[in-house]
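Below is one structure, written out as structure tokens; the observations come after it.
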Amino acid sequence: MKYVVVTGGVVSGLGKGVTASSIGVLLKACCMRVTTIKIDPYLNTDAGTMSPFEHGEVFVLDDGGEVDLDLGNYERFLDIKLTRDNNITTGKIYQFVLDKERKGDYLGKTVQVVPHITDAIQEWIERVAVIPTDGKEGPADVCVIELGGTIGDIESMPFIEALSQFSYRVGPGNFCLVHVSLVPVLNVVGEQKTKPTQHSVRGLRGRGLSPNILACRSALPLDENVKEKLSQFCHVQKSNIVTLYDVSNIWHIPLLLRDQKAHIAILRALNLQGVTREPMLEEWTSMAKTCDTLRDPVRIAIVGKYTGLSDAYLSVAKALLHASVACRRKLVIDWVSSMDLEDSTAEEAPYVHKAAWNLLKGAAGVLIPGGFGDRGIQGKILAAKYARENNIPFLGICLGMQVAVIEFARNVMNLQDANSMEFDTNTKNPCVIFMPEGSKTHMGGTMRLGSRRTYFQLKDSKSAKLYGNVKYVDERHRHRYEVNPDLVMKLERSGLAFVGKDESGRRMEILELPSHPYYVGVQFHPEFKSRPRKPSALFLGLIAASCGQLDMLLKAPGRDNLLPTKMATSNGPSVAMVYPNGHTKHLSNGPYYANGNGVHA
């Protein structure tokens with residue numbers, strides 16, 4: 001087994017996760033099998049109880065693991081399926097060691113950070129690295145490990161020590177260290193400054209690790225004299241210093257690494273020269289260029305309460321991007337705070353209220369993502385009502401589906417006090433109830449999590465057609481509450497159709513409004529299985545409906561006459577890839593601002 005370790009210095013948020021994913025793409029293009037591990041030094045056992053404002057979205061895996069959003073990047077870039085053990089946290093390691101201590105496995109020894117914690121980290125890495133994640137038999141060739149945080153963080157020190165020992169344990173030729181650092185430019189001077197990177201590398205070397213490759217984040221490519229200076233002071237060959245400068249979308253990062261021969265430096269460090277081929281990235285190149293050159297915009301309003309931090313809905317944004325590229329549209333996301341749509345905001349801040357409604361009304365489609373708590377719920381209900389009454393394409397995910405049920409019960413069935421028991425335990429008309437198997441005393445890991453099967457009830461429903469008329473689909477879940485099964489018959493008599501249910505037939509998974517062009521709610525999270533070349537079927541439906549392509553998409557056998565190059569939908573049949581027909585910098589209804597992800601907000 002070969003190991004590539006990615007660390008970060010100077011500041012957080014440099015893009016270590018994207019860098020690690022891109023290295024994986026590059027090695028995979030060299031005909032290597034790749035797996036990944038993410039190390040998060042926080043004390044939490046997992047990311048499940050952390051606020052999206054604190055740490056971005058919680059990504060859910062097939063086995064129910066609630067993990068860091070970087071594992072979502074790994075799965076999307078490498079098209080692999082990871083497990084909860086691919087995310088190591090300080091909490092997991094200490095729990096593992098303390099459980100062993102309680103069982104007497106240490107034979108009365110004094111349990112210490114070194115060697116017991118550091119040994120546990122190394123053993124965990126070796127155990128997980130050999131688990132196949134690409135659906136093939138046998139272990140991968142290379143394991144890419146990302147260490148979260150920055151060098152110098154107190155909580156990272158046991159992991160740094162463990163990785164230092166690990167480099168010696170696996171021996172030379174089996175370990176390559178890539179250090180991601182920042183090379184800032186001071187506006188006053190206008191010069192690329194190397195001192196922060198020098199200090200970061202010095203701190204890394206002081207803890208027993210020396211980088212083989214420097215990946216320098218900057219606004220522009222590094223000057224040659226800057227590379228020479230970094231090489232001299234950081235003891236890294238000039239040819240092993242690559243620039244990760246700002247690009248139009250992150251799909252360019254593997255191409256940046258290839259163009260700067262990063263794969264050669266990595267393969268040299270791993271003694272793999274001569275056993276691999278040159279990276280074949282033609283499809284990846286086409287995909288990156290396609291995203292850059294799309295012309296016609298499609299505006300989607302995401303209505304949520306964490307809209308101030310786009311990472312809180314990262315997988316949703318990526319799934320929308322995958323679908324918009326497949327439909328030959330440039331994605332424009334309007335982030336709408338659900339609180340700003342409420343009547344209370346109209347009284348306190350009328351301009352904010354008006355601006356939020358203008359954004360919502362200017363969108364071609366509406367998406368309400370998952371969430372917890374009652375803050376902003378009334379705004380989400382108003383958004384669902386607006387989409388239903390005005391025939392605006394709508395997709396509700398998890399809480400978004402539950403909101404659609406509450407809105408329908410209140411405004412179509414005239415049950416004015418209809419609500420979820422999450423928000424009102426005393427409601428006389430509970431549309432959404434607490435699941436009987438859930439825990440009301442423990443929060444972490446007690447939800448309905450992971451991949452669950454949904455069976456289609458109607459073959460001619462839009463959802464069934466989008467998934468390719470299969471009998472069932474497996475999608476990932478994360479919820480404590482569900483649609484009240486005792487109310488389902490009344491809801492269906494009033495016009496709502498539950499077209500997807502679990503194996504028992506009592507748990508509602510997919511709803512549709514048959515009289516609406518595209519009004520879909522799902523209890524699961526389809527965004528977690530969307531891939532760049534395999535867009536989620538339901539996100540593809542939302543984008544297609546928002547730009548007038550849904551009828552053609554549903555009627556096309558195999559979708560072959562819609563898109564020219566074959567492209568698969570996640571959990572569905574093959575559809576075709578699309579190609580751009582031009583490029584523009586201005587939209588008819590205002591400017592847009594690129595955020596580096598191929599999405600415009």
Side-chain angles (χ1 to χ4, degrees), residues 319-320 322-323 326-327 365-368 387-388 391 393-398 400-402 404-405 408 451-477 479 482-483 485 488-489 491-531 534-563 566-576:
L320 286 172
H322 303 159
C327 290
V366 176
L367 189 151
I368 300 180
R388 179 180 59 79
N391 287 334
F394 171 87
L395 178 60
I397 298 173
C398 197
M401 170 187 170
Q402 297 171 8
V405 172
F408 189 86
S451 182
R452 308 290 177 123
R453 185 154 290 179
T454 295
Y455 292 87
F456 288 105
Q457 309 297 306
L458 298 173
K459 288 185 178 180
D460 61 345
S461 66
K462 294 183 180 71
S463 301
K465 290 178 181 178
L466 286 168
Y467 276 107
N469 292 314
V470 294
K471 293 182 179 179
Y472 59 83
V473 291
D474 295 315
E475 293 281 11
R476 299 176 183 179
H477 294 68
H479 63 112
E482 63 175 336
V483 175
V488 167
M489 190 173 294
L491 288 164
E492 291 192 318
R493 280 202 299 262
S494 299
L496 205 59
F498 289 96
V499 301
K501 301 179 181 179
D502 76 341
E503 64 278 359
S504 71
R506 285 186 56 80
R507 185 157 284 160
M508 303 304 111
E509 294 283 1
I510 307 175
L511 69 79
E512 290 185 12
L513 197 57
S515 59
H516 193 283
Y518 190 82
Y519 194 90
V520 177
V522 291
Q523 188 59 71
F524 49 79
H525 289 263
E527 69 270 23
F528 291 144
K529 295 182 77 170
S530 182
R531 303 288 182 263
K534 300 177 186 175
S536 164
L538 297 178
F539 278 84
L540 190 63
L542 175 65
I543 295 295
S546 299
C547 57
Q549 296 180 6
L550 183 61
D551 287 342
M552 182 168 57
L553 182 67
L554 294 178
K555 291 176 183 176
R559 327 290 198 267
D560 290 342
N561 65 345
L562 175 66
L563 308 166
K566 287 290 181 100
M567 179 181 184
T569 52
S570 61
N571 255 331
S574 64
V575 298

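Since we're looking at a predicted model, the values are computed, not measured. Count residues from 1 along the sequence.
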Go through it in stages, so that I can follow the logic: the residues are K462 and V499, the test is side chain to side chain contact (heavy atoms under 4.5 Å, CB included), and I'd like the CA-CA distance, side-chain angles, deciding distance and then a yes or no.
CA-CA 9 Å; K462 294 183 180 71; V499 301; over 6 Å; no

Take F524 and R452 through the side chain to side chain contact (heavy atoms under 4.5 Å, CB included) test and state the conclusion after the steps.
CA-CA 8 Å; F524 49 79; R452 308 290 177 123; over 6 Å; no

Does the side chain to side chain contact (heavy atoms under 4.5 Å, CB included) test come out yes or no for H322 and F539, once each step is laid out?
CA-CA 8 Å; H322 303 159; F539 278 84; over 6 Å; no

Closest heavy-atom pair, S536 versus S530, reported as atoms and distance to 0.1 Å, is N-OG, 3.3 Å

Heavy-atom closest pair (Y519 atom, A404 atom, distance to 0.1 Å) is OH-CB, 3.7 Å

Heavy-atom side-chain proximity of Q457 to F498 below 4.5 angstrom
no

d(S463 OG, N469 CG) to nearest 0.5 Å is 11.0 Å

Please report the shortest heavy-atom distance between G541 and L550, naming the atom on each side.
O-CD1, 3.9 Å

Cut-off 3.5 Å, side chains only: do E475 and T454 have a donor facing an acceptor?
no

Side-chain donor/acceptor of E512 to backbone N/O of S461, under 3.5 Å
no

With rounding to the nearest 0.5 Å, note down the distance linking CD1 in I543 to CG in L553.
11.5 Å

Roughly how far, to the nearest 0.5 Å, is the CG atom of L491 from the CG atom of L496?
6.0 Å

Nearest 0.5 Å please: distance from the CG atom of D551 over to the OH atom of Y518.
13.0 Å

To the closest 0.5 Å, what do you measure between CZ (F394) and CG (L513)?
10.5 Å

Test item: F408 and L511 side chains (from C-beta on) under 4.5 Å apart, heavy atoms
no

In terms of heavy-atom contacts, V483 and M401 come closest through CG2-CE, 3.8 Å

Any idea which heavy atoms bring S546 and G365 closest together, and the distance?
OG-CA, 3.5 Å

Non-hydrogen side-chain atoms of L542 and L320 separated by less than 4.5 Å
yes

For H477, run the side-chain hydrogen bond (donor to acceptor under 3.5 Å, both in side chains) check against E509, R507, H525 and tell me which one passes.
E509

Give the C-alpha distance, both sets of side-chain angles, the deciding distance and a yes or no for side chain to side chain contact (heavy atoms under 4.5 Å, CB included) between R453 and V473.
CA-CA 6 Å; R453 185 154 290 179; V473 291; over 6 Å; no

Under a plain distance cut-off of 3.5 Å, with no hydrogens placed, do Q523 and Q402 share a side-chain donor-acceptor pair?
yes

Can you see which heavy atom on D502 is nearest to which on S504, and at what distance?
OD1-OG, 2.8 Å

So, taking the atom named CD in E527 and the one named CG in L538, what distance separates them when rounded to the nearest 0.5 Å?
10.5 Å

